[in-house]
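Chain identifiers are assigned alphabetically (A, B, ...) following the order of the sequence lines, protein sequences preceding nucleic acid strands; residue numbering begins at 1 within each chain. None of these values were measured; they are calculated from a predicted model.
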2 protein chains.
Amino acid sequence: MINYELYKVFYWAAKTGSLSSAAKSLYLTQPSVSHAIKQLEESFGITLFYRNSKGVSLTQEGVTLYSYIEKSQILISLAEEKMAALKNLDSGELRIGGSDSLFKHYLLPFLESYHQKYPGIKLHLNHGTTPETIAFLKEGKIDLGVVRMPIVDSQLEVMMGIQLQDCFVAGAHYADLKDQVLSLESLLQYPIILFSRNSRVRMAITELFQSYGYQIKPEIEVGSVDLLIEFARKGLGISYITKEFISKELEEGSLFEIQLDLKMPPSQVGFMIMRDMPLSNAASKFIELVK
Amino acid sequence: MINYELYKVFYWAAKTGSLSSAAKSLYLTQPSVSHAIKQLEESFGITLFYRNSKGVSLTQEGVTLYSYIEKSQILISLAEEKMAALKNLDSGELRIGGSDSLFKHYLLPFLESYHQKYPGIKLHLNHGTTPETIAFLKEGKIDLGVVRMPIVDSQLEVMMGIQLQDCFVAGAHYADLKDQVLSLESLLQYPIILFSRNSRVRMAITELFQSYGYQIKPEIEVGSVDLLIEFARKGLGISYITKEFISKELEEGSLFEIQLDLKMPPSQVGFMIMRDMPLSNAASKFIELVK
DNA sequence: AGGAGATATAGACCACGTCTATGATCAATT
DNA sequence: AATTGATCATAGACGTGGTCTATATCTCCT
């Protein structure tokens, strides 16, 4: 099999029409180039160049070879440029999996500044449940997952993100609860609005009630944080929401937090990546940014 | 600059999904392949493969690189196939320059058997005058020229071909000349049909008459052997033709040779190639065949 | 005649690519 | 649990082959 380095030499010799200038381009000496061309010609058994007093020119067969090699070399050059672009993050993509609410309320500012810093990187946001996100990660469809903790999976490496505080909130309709401190039990008298069954937050709150011997059964189940907010504001019930996601509503007073006689355990956001798998440059830079 | 051999290794590793099998395909050992891939990754600063327990698989960036390298490698493979085809004459072209009459009456059987032997070789016949043919040869537009001798040109290497005998012939209209032996001078009384002014044969006959102190002025000038034959048969005059080209007409009696009181000097056909220039395999095989 | 440019050739050298040997890890056996 | 048979990674030794310097040869141009 022919040493592909020889094609590189052939390409430059043909392109420049001179072994000496090919040598310069390749940072070699002229005899090396001469030798390389000779090797190529001998391995084909075909003369590729006419040697003139002022350089070299391709034979008919040389022209034929060049028509292939030129394209091939250009592709390699493009590949090298592309790789350089990927390396310095002028190009590439970052694929993040997780929940829409975390994207919107937590990751958005990071995504914005990341995009500003590396405008060439395409961002792919892949929303799904925690198990779906883990599966995507393992299939290599995303670089990074952002979900609620805890995650226990030996294949995954988990990094702590921000700590969030979930709480029960209500709107004007339940204004009389504003000054009260409720127990978990008393809360159950009111219509509860929870996130859909397969979410991490939902599982956590269900477990919390169970640990106190109660069972929480929502009147309404919704699929987005926006609906949790909306329904609570309309007075349809008491929503269990991440406090940080509704800072605007709390401030303007359209929602208020229900005070409880126990502190709700904080919930931790985590970044997951595959353990022992190389991380793309784009992804590691993003994690750096968030940290 | 990256060693292009590494791309070859990368290609096979990516294609087979295994460093071991890439090693087999490349007749290398597995550690060599491993080392090569590592070199490539280090020079890009990008991880190209995930290492699994049952082989390797491309990272996102690896896929990007592969999309370029695959095309590039395929082109090189095609180039190598093409070169092999050129080498064993399954492909290629042979470009011959010369006069139409020599092509038709002399070269045709050789061209036929050459084509039969090497059906993949495209034949290009480039007809023109001797100076045109020489110019084409020097410009590299033809591999080989077939012309009348003598040729004196230090850049050219000339090989003798067949020896031809030119003669004067007439048709039935001049039947009374059949048994006569004419001198050059007496010939001038008859209308003479000659090949056009820029041909070798024409120059030769003109010089011959001049060397005896006569000047030959044709009544008719034509551009093809066929017309020389046709006009002579129709009785329009006496044609000066290469005897070997009209063996059929002489045999069937539609033309007869005018006997002269001197022997016409034979004319030599020669093959010209560029001196000190490599000859294509296709061309050298043709010359071999003619010899 | 001489100089400047081109490629070819010869021979020396050493870097680097390749090898062998071994380690580490994983998965599918037994 | 232990074994086997894959995989890729690492270390270090070896030797080939690519590269260099020096020189020759040729052509063209001043």
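- As a whole-Å value, the separation of A/Leu6 CG from D/dG17 P is 13 Å.
- Summarising the geometry, the separation between CG on B/Leu28 and P on D/dC8 is reported as 14 Å, rounded to the nearest angstrom.
- For A/Glu132 and A/Arg200, the salt-bridge test fails: no basic side-chain N is under 4.0 Å from an acidic carboxylate O.
- Counting only heavy atoms from C-beta outward, the side chains of B/Tyr106 and B/Val290 approach each other to under 4.5 Å.
- For the ring-ring contact (aromatic ring centres under 6.0 Å, His included) with A/Tyr7, the lone residue among A/Phe10, A/Tyr4, A/Tyr11 that qualifies is A/Tyr4.
- A heavy-atom distance below 4.5 Å is found between the side chains of A/Met149 and A/Met160.
- Put simply, A/Thr29 has no side-chain N or O that comes within less than 4.0 Å of OP1 or OP2 on D/dT19.
- What separates CD1 of B/Ile37 from C1' of C/dT18 is a distance of 15 Å, to the nearest Å.
- Atom P of nucleotide D/dT10 and atom CD of B/Glu42 are separated by 9 Å, given to the nearest angstrom.
- When rounded to the nearest whole Å, the span between CG of B/Leu40 and P of C/dG17 equals 12 Å.
- Under the 4.5 Å side-chain criterion, counting only non-hydrogen atoms from C-beta, A/Tyr68 is not in contact with B/Met83.
- Counting to the nearest Å, the C1' atom of D/dT19 and the CG atom of A/Asn3 are 13 Å from each other.
- Distance, B/Tyr4 OH to C/dC16 C1': 19 Å, rounded to whole Å.
- Around the CZ atom of B/Arg197, the shell of radius 6.0 Å holds no more than 12 heavy atoms that belong to other residues, nucleotides or ligands.
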Distances under 3.5 Å between nitrogen or oxygen atoms of protein and nucleotides 5-11 of chain C:
{"unit_1": "C/dA6", "atom_1": "O4'", "unit_2": "A/Ser53", "atom_2": "O", "d": "3.3"}
{"unit_1": "C/dT7", "atom_1": "OP1", "unit_2": "A/Leu19", "atom_2": "N", "d": "2.5"}
{"unit_1": "C/dT7", "atom_1": "OP2", "unit_2": "A/Ser20", "atom_2": "N", "d": "3.0"}
{"unit_1": "C/dT7", "atom_1": "OP2", "unit_2": "A/Ser20", "atom_2": "OG", "d": "2.2"}
{"unit_1": "C/dA8", "atom_1": "OP1", "unit_2": "A/Arg51", "atom_2": "NE", "d": "2.4"}
{"unit_1": "C/dA8", "atom_1": "OP2", "unit_2": "A/Ser34", "atom_2": "OG", "d": "2.6"}
{"unit_1": "C/dA8", "atom_1": "N7", "unit_2": "A/Gln30", "atom_2": "NE2", "d": "3.0"}
{"unit_1": "C/dA8", "atom_1": "N6", "unit_2": "A/Gln30", "atom_2": "OE1", "d": "3.2"}
{"unit_1": "C/dT9", "atom_1": "OP2", "unit_2": "A/Lys38", "atom_2": "NZ", "d": "2.8"}

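- The distance from atom CZ of B/Phe49 to atom C1' of D/dT7 is 14 Å, rounded to the nearest whole Å.
- Neither OP1 nor OP2 of C/dG17 sits under 4.0 Å from any side-chain N or O of B/Ser32.
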